[in-house]
Structure formats: C-alpha cells, structure tokens
There are 2 protein chains.
Amino acid sequence: MLKDAHDLIPRECDACPIRHRAVCARCDAQELEQLDQIKYYRSFEAGRTLIWAGDRMDFVGSVVSGIAMLTQTLEDGRTQMVGLLLPSDFVGRPGREKAAYNVVAVSDVVMCCFRKQPFENMMEKTPHIGQRLLEMTLDELDAAREWMLLLGRKTAREKIASFLAILGRRNAVLNMSKAAGQVVFDLPLTREAMADYLGLTLETVSRQISALKRDQVIHLEGKRHVTVPDFDRLLEEAGDDSDGGMLA
Amino acid sequence: MLKDAHDLIPRECDACPIRHRAVCARCDAQELEQLDQIKYYRSFEAGRTLIWAGDRMDFVGSVVSGIAMLTQTLEDGRTQMVGLLLPSDFVGRPGREKAAYNVVAVSDVVMCCFRKQPFENMMEKTPHIGQRLLEMTLDELDAAREWMLLLGRKTAREKIASFLAILGRRNAVLNMSKAAGQVVFDLPLTREAMADYLGLTLETVSRQISALKRDQVIHLEGKRHVTVPDFDRLLEEAGDDSDGGMLA
DNA sequence: GCGAAGCCTTGATGCAGATCAACTCGACCG
DNA sequence: CGGTCGAGTTGATCTGCATCAAGGCTTCGC
C-alpha cells in the first residue's frame with residue numbers, strides 16, 4: 001500500500017511540494033542546506049497513529065503529503081479532534097518534551113522530520129524559521145477560534161454546513177473554482193472523524209448530511225463526492241456572520 | 001471610577017508588573033528603550049468594548065492589569081468567548097489590518113499599547129520579540145485546544161468543574177496554595193460571561209454551580225467567592241485525563 | 001461466490017440542556 | 001426610604017441531539 005511512498009518523497013527541497021508554505025518557506029539556500037543535515041522522511045499508512053499523547057518527542061516536522069488529525073480523549077473514550085493537518089502544516093512544538101496530542105494519519109502521510117534538538121538550536125540562530133512558525137501558529141490560533149465558535153454555539157446543521165464550507169473554500173482556491181459558484185470536492189474524512197471534528201455523533205453527522213442533500217443544499221455522488229450548486233446558500237446555512245468569510 | 005487608573009500605570013518598564021511575562025520579557029534595556037518610544041498606556045472601564053471585530057487596528061499591546069475577553073458572535077446574537085486575557089497577555093496580531101474579534105473589558109483594564117507599524121518594523125529587527133510572541137502564541141494555541149475538548153465533548157457539569165479548576169490552578173500557583181489541597185478564589189466573570197466561555201446558557205451555569213455546591217464539591221460565600229475543599233475531587237468532576245493536569 | 005468487516009444510513013426512544021418565566025437579593029439613586 | 005436595575009436562582013416545559021438498534025452497501029480474503 002505504501003510501496004510507492006518513496007515516489008512522493010522529494011529528492012531535494014527545490015522539488016518539494018510544500019517548499020514555499022512550510023516552516024522552511026522563508027529559508028534561503030544556505031539555511032535549507034543546514035536543515036537538510038538534520039532532516040529525514042517518514043511515511044505512515046492511513047489509520048496509523050503517528051504519535052501518542054504523552055510520548056517523548058525527538059522530532060518536529062512538516063506534513064509533506066496526506067492528511068492527519070490531532071485528537072484528545074477523555075478517559076471514557078470521548079474524542080475531540082483539535083487539529084486537522086494538511087500538507088505544509090507543522091507537527092510538534094519546539095521546546096516541548098512530550099507530545100500533547102495524538103496524531104493520527106487520516107490518509108497515507110509523508111512527513112519531513114527534523115531532529116528536535118538540532119532544530120531548536122537552529123531556530124535560535126535563524127530568525128527565518130521562527131518568523132514563519134509564528135505566522136503559521138497565529139493562523140492556527142485563528143482557525144482554532146473559529147472552531148470554538150462552531151463547537152460552542154452552532155447547531156448540528158450549521159456545523160455540517162460550516163465544515164463543508166471550509167472544505168469547499170479550500171478547494172475553490174486550489175481548483176480555480178468551477179463555473180459560477182459551483183464547487184466540487186471529496187470528503188477527506190469518515191463520518192466518525194467528521195463527528196470528532198464537530199463535536200457530534202456519527203449518526204447525527206449522517207442525518208444532517210442527508211438533510212442538506214434532501215434540501216438541495218448539496219448533491220452527493222457515492223458517500224464522499226460533494227457538489228455544492230450554490231455556495232452562498234451553503235454559507236447561509238453555516239450561519240456565519242455574512243461578511244467575515246473571505247478575510248484571508 | 002477610573003480616576004486612579006493612572007496609579008496603576010507603571011512609570012517605567014522596570015516597575016512594570018508584567019515586565020517578565022509579556023511580549024517584552026526577553027528584551028534587554030536597549031530594546032525596552034526602543035519600545036518605550038512607540039508605546040502609550042490606555043485605560044478602559046469594566047464593560048467597555050475596547051475593540052470591535054472588523055475595526056481597523058492601529059496598535060497591538062499587552063494587558064497590564066485587569067481582565068478582558070475575546071468574543072465572536074453569529075448574526076442572531078449567539079456569542080462565544082474565544083479568549084480570556086489576563087495581565088501580560090497580548091492583544092492584536094502583527095501584520096493584520098483589521099481586528100478579528102471583539103475585545104471586551106471584564107474588569108477595569110489598563111493596556112500598554114504599541115503603535116502597530118513601528119512595532120512590526122521592530123519585530124523584523126529584534127528577534128527577542130518574535131521569539132517571545134511565538135512562545136505565547138503556542139501557549140494560547142494549547143489553551144484553545146483544551147478549550148475545544150471542553151466545548152465539544154464535556155457535559156455541563158464537567159464544563160463548570162473544568163472552568164473552576166482552571167481558575168483554581170491559576171490561583172494556587174499565585175497564592176502558594178493554602179493548606180493541603182484547599183483552594184480559594186473569586187470568580188472574575190458573571191454567570192453570563194461564564195456561559196459564553198463554556199458554550200452554555202447562564203441558567204445552566206447557575207444550576208450546575210448550585211449542584212456542585214449541593215454536592216460539597218465547592219463552597220460559596222456570596223455569589224463569587226469560591227472555596228474548593230478537595231481539589232482532586234474537583235479535577236475528577238472535570239473529567240480530564242487524570243494525569244494531564246499539571247504539565248506546564 | 002460467500003462470509004466478514006468497515007462504513008454508512010435510518011428509525012425509535014430518552015434525556016441533557018435550552019427556553020420561557022417568575023422571583024430574590026443587593027446596589028445605587030433621587 | 002421607595003423604586004429601579006442588574007445579577008443570580010429556581011421551576012416548568014420543550015426540543016435537538018445522543019443513544020440504542022437494525023439493516024444496506026462495498027470491499028476484501030478465502
């Protein structure tokens with residue numbers, strides 16, 4: 001299943017798909033050289049837990065390809081997703097000994113790992129890395145705060161619509177959005193993972209997706225392929241403050 | 001009411017109560033000098049909204065004294081708190097034009113404001129500021145993720161207990177915790193603000209506090225003064241993973 | 001081709017927390 | 001000192017989502 005994972009591993013940073021969005025985005029050729037000394041690639045197959053909360057961490061790194069999630073659980077098993085990691089997202093916290101969250105591969109994942117101690121040393125001397133990491137962390141904090149509004153105050157239907165809007169927005173940017181307002185994408189998560197993202201049960205997720213389909217807000221082919229005929233309609237359903245959506 | 005606010009404004013950074021925890025924590029004397037050129041103090045009375053989401057921001061800054069909250073709202077008025085700002089916490093985002101959240105003074109607040117443009121320029125040249133801001137932002141992100149678990153997966157009782165535990169832990173650190181496990185503090189928020197923090201209604205907050213009192217998990221004098229006779233008991237009620245609590 | 005397992009959907013029922021409403025208490029003010 | 005206003009409590013009722021349960025569809029291994 002992972003037999004061709006090494007095809008996805010860039011030979012050098014110039015060829016790296018996340019070169020200009022990851023922690024290393026601001027680094028110059030010489031700094032990349034240094035990073036190269038302390039990095040290595042790892043591949044994980046879908047479903048595998050890369051890191052358990054509480055584990056000792058000896059690396060930090062970037063997601064190169066695939067999707068992973070950060071989760072927390074209570075003793076009785078209730079699970080909440082607290083981060084969704086896409087290519088270029090950063091994993092781990094410089095200066096921290098132990099992992100604070102579980103990291104689980106949603107799809108097959110390739111990571112570019114940096115040995116932790118050398119990376120921390122390098123951060124001290126190379127402002128470019130810390131600067132970029134600050135930007136990325138601030139973005140994540142903003143995302144976390146949107147997410148808190150969703151978890152604390154939205155109805156199940158609004159939660160689903162919001163989640164679809166997030167995915168749709170992302171794909172609209174990448175795919176240069178199809179004709180007038182029509183947006184198409186695949187759900188990267190199972191119903192259960194969506195439930196953990198949204199603070200719902202998988203049954204409620206399923207029901208609300210069915211309801212949005214019934215009400216023509218979305219169309220579904222199979223269980224994962226979504227078409228949004230009218231994106232503004234979807235945004236209304238998401239209940240967000242009308243304007244706020246597009247501020248980058 | 002604010003007549004003596006200027007008494008709370010430090011004359012110089014050395015005398016500043018948040019000198020060693022705020023963004024400026026790592027700055028040396030010369031850097032403080034520079035910051036001094038671009039800073040000014042502002043006072044706000046309890047209840048005032050310091051900043052409206054969408055407002056143009058021409059400063060960033062630190063809370064010197066008092067408590068403020070970040071909130072987001074949906075059009076129909078549902079409100080979620082997304083940040084609780086204590087002395088030394090940072091307000092605003094370098095590089096961002098417009099405020100993303102409302103900032104509301106919970107108590108009287110004094111802020112140390114930096115003019116935004118000069119502050120950003122200084123960040124470019126002074127790694128100490130960016131480094132400290134990164135640390136603080138990472139801490140906030142961790143807090144946000146704990147908060148997401150609370151919002152998404154905890155029951156009303158667990159939410160209240162968790163919130164009390166957070167307050168109690170903070171005060172235990174400051175006040176060198178009273179005799180054996182006993183913790184005492186005042187609630188800084190109204191029932192309504194607590195509800196906005198926890199994603200509940202104020203009625204539910206009130207009922208659950210009453211329930212915890214009835215069950216002897218806490219004692220109340222008046223409506224705000226809380227005594228926790230057995231802190232471990234409170235942590236159990238909070239439902240957290242047993243160990244996780246004390247990792248700083 | 002058949003059984004098992006994973007993912008998903010749908011139905012029936014129950015309950016935690018929202019909503020609506022009445023009331024208490026203390027602070028402030030003319 | 002009576003009136004008002006904001007904060008908090010408590011009760012009655014309603015409802016959205018969780019829970020429990022059954023069954024469908026697809027994929028995979030034998």
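First the proteins, then the strands, lettered A, B, ... as listed; each starts at 1.
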**Axial cation check for B:Tyr101 ring with A:Arg145, 6.0 Å and 45° limits** =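 Yes, a cation-pi geometry.
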**Message:** Starting the side chain at C-beta, find the nucleotide from D:dA18, D:dG8, D:dA21 nearest to A:Glu203.
**Reply:**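 Of the candidates, D:dA21 comes closest.
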Under 4.0 Å, counting only non-hydrogen atoms across every strand here, what does [X] touch: a base, just sugar-phosphate, or nothing?
X: B:Gly47; result: nothing
X: A:Gly222; result: nothing
X: A:Leu202; result: base
X: B:Thr201; result: base

**Message:** Between C1' on D:dT9 and CD on B:Glu192, what's the gap in Å once rounded to a whole number?
**Reply:**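 Answer to the nearest Å: 15 Å.
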**Request:** Starting at atom CG of B:Asp76, determine the distance to atom C1' of C:dA18, rounded to an integer number of angstrom.
**Result:**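 Spelled out: CG on B:Asp76 to C1' on C:dA18 is 14 Å.
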**Asked** Looking at DNA chain C, which of residues 144-152 of chain B put a heavy atom within less than 4.0 Å of it?
**Response**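 Contacts with DNA chain C under 4.0 Å: none.
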Between [X] and [Y], does at least one N-O distance fall below 4.0 Å, as a salt bridge requires?
X: B:Asp186; Y: B:Lys223; answer: no
X: B:Glu203; Y: B:Arg207; answer: no
X: A:Arg233; Y: A:Asp215; answer: no
X: B:Asp76; Y: A:Arg153; answer: no
X: A:Arg93; Y: B:Asp142; answer: yes
X: B:Glu158; Y: A:Arg78; answer: yes

**Prompt:** Pick the nucleotide of DNA chain C nearest each of A:Arg224 and A:Arg207; which residue has the one closer to the 5' end?
**Reply:**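 The residue closer to the strand's 5' end, by nearest nucleotide, is A:Arg224.
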Looking at [X], I'd like to know whether one of its side-chain N or O atoms comes within less than 4.0 Å of OP1 or OP2 on [N].
X: B:Thr190; N: D:dG6; value: no
X: B:Ser210; N: D:dT10; value: yes
X: B:Thr204; N: C:dG17; value: no

